[in-house]
Amino acid sequence: MTTTYDCGPAPLVLGAYLRALRQAKGLKLCDAAESIRGSAAKLSRMETGQVAQEWRDVSTLARAYGVTDWSTIIGALRLAGQQPRDPKRRTGTIHDNAEGWTDRLRACEQQASAICVYASAIIPRAVQITGYPVAQMPLLPSSTQPRDATVILDGATLLRSFGNPQAMAAQMAHLQRLGTSPHGPRILAVPFQAGATPPPGTLHRFQLHGQEVFAEETWSALYTTGADSQAARRCLAAGLAAAKDPEASAALLDIARRRFELLARDPESDPLLEELTA
């Protein structure tokens, strides 16, 4: 019997980052592979996490793709350094808090065949509108959105007002449209009174080349796979179990939208708060 070892999150995250950089430059595999004097097949294996990425190759590729900030390159090299040759020694947990960590997390969003996001503090950036007050990056182009995408919103995210209520009302309306669109992600809301314990920040589950990778996002990203991801897997499962179905979730989003619209007109009155938290 052949034993299959968990390759760990490092090669998958770094591979997604390298592929996203290459695609952003519009380069084919064969053209990009020339910079490291390798083949398209070798670069493809690097991008899909099938092989450990060498420091020299990662540095060369990053510069070829236009990454000029050395601290960002160092952040990518740290991931390359967390990939022991012996698969039995590969860690199922990596902490990415180096420069460029948000770009690497975003690359996982772009490259995943399926994603599930559970948010407890802010609206996930994949479904943010450009006017959302705490938006860090623009929305992903629709062509790069995974076909299988689910967004779970803890009830607290429907209550918090970042910036002006008008922007929040527009954000809630956008989520309603996405949730009712046949092409949009599934938008599920966990009622405020459900009692589910949400993640401390935003919890992501990515399907990257047939492997499951979890990412806990706060002020950095903590990636886990295999046995190391059991706590994250339980948290996500609890959120899915407590969430309303898409139709009921859309109804909660509608209440949140109307509440923010009323707050925009009269900040002192909050008549829908009780309805949203009941």
| Remaining members of the apolar cluster that contains Leu240, side-chain heavy atoms under 4.5 Å | Tyr118, Ile152, Leu188, Val190, Leu203, Phe214, Leu236
| message | Minimum heavy-atom separation for Gln171 and Gln128, please, with both atom names. | response | OE1-CA, 3.4 Å
| Residues which pass salt bridge (charged side-chain N to carboxylate O under 4.0 Å, His left out) with Asp254, listed by chain and number, not counting sequence neighbours | Arg257, Arg258
| request: State, to 0.1 Å, how close Thr225 and Gly8 come at their nearest heavy-atom pair, and which atoms those are. | output: OG1-CA, 3.5 Å
| query | For the hydrophobic clusters of this structure (ILVMFWY residues joined by side-chain heavy atoms under 4.5 Å, transitively), does one cluster hold both Val213 and Leu222? | reply | no
| So with a 6.0 Å cut-off around CZ of Arg56, is the heavy-atom count from everything else above 12? | no
| query | Which heavy atom of Ala156 sits nearest a heavy atom of Ser120, and at what distance? | reply | CB-O, 4.0 Å
| task | Would you check if the side chain of Gln53 reaches a backbone N or O of Met46 as a donor-acceptor pair within less than 3.5 Å? | result | yes
| query | Checking side-chain hydrogen bond (donor to acceptor under 3.5 Å, both in side chains) for the pair Gln23/Gln111: CA distance, chi angles, key distance, verdict? | reply | CA-CA 10 Å; Gln23 291 177 340; Gln111 300 300 319; 3.0 Å; yes
| Would you find a donor on one side and an acceptor on the other, under 3.5 Å apart, between the side chain of Ser249 and the backbone of Lys244? | yes
| task | Please assess Arg106 against Thr102 for the test side-chain hydrogen bond (donor to acceptor under 3.5 Å, both in side chains), listing each intermediate value before the final yes or no. | result | CA-CA 6 Å; Arg106 186 167 172 77; Thr102 53; over 6 Å; no
| Looking only at atom types and distance, does a side-chain atom of Thr157 sit under 3.5 Å from a main-chain N or O of Asp154, one as donor and one as acceptor? | yes
| Where Glu216 and Ala232 come nearest, the two heavy atoms and their spacing | OE2-CB, 4.2 Å
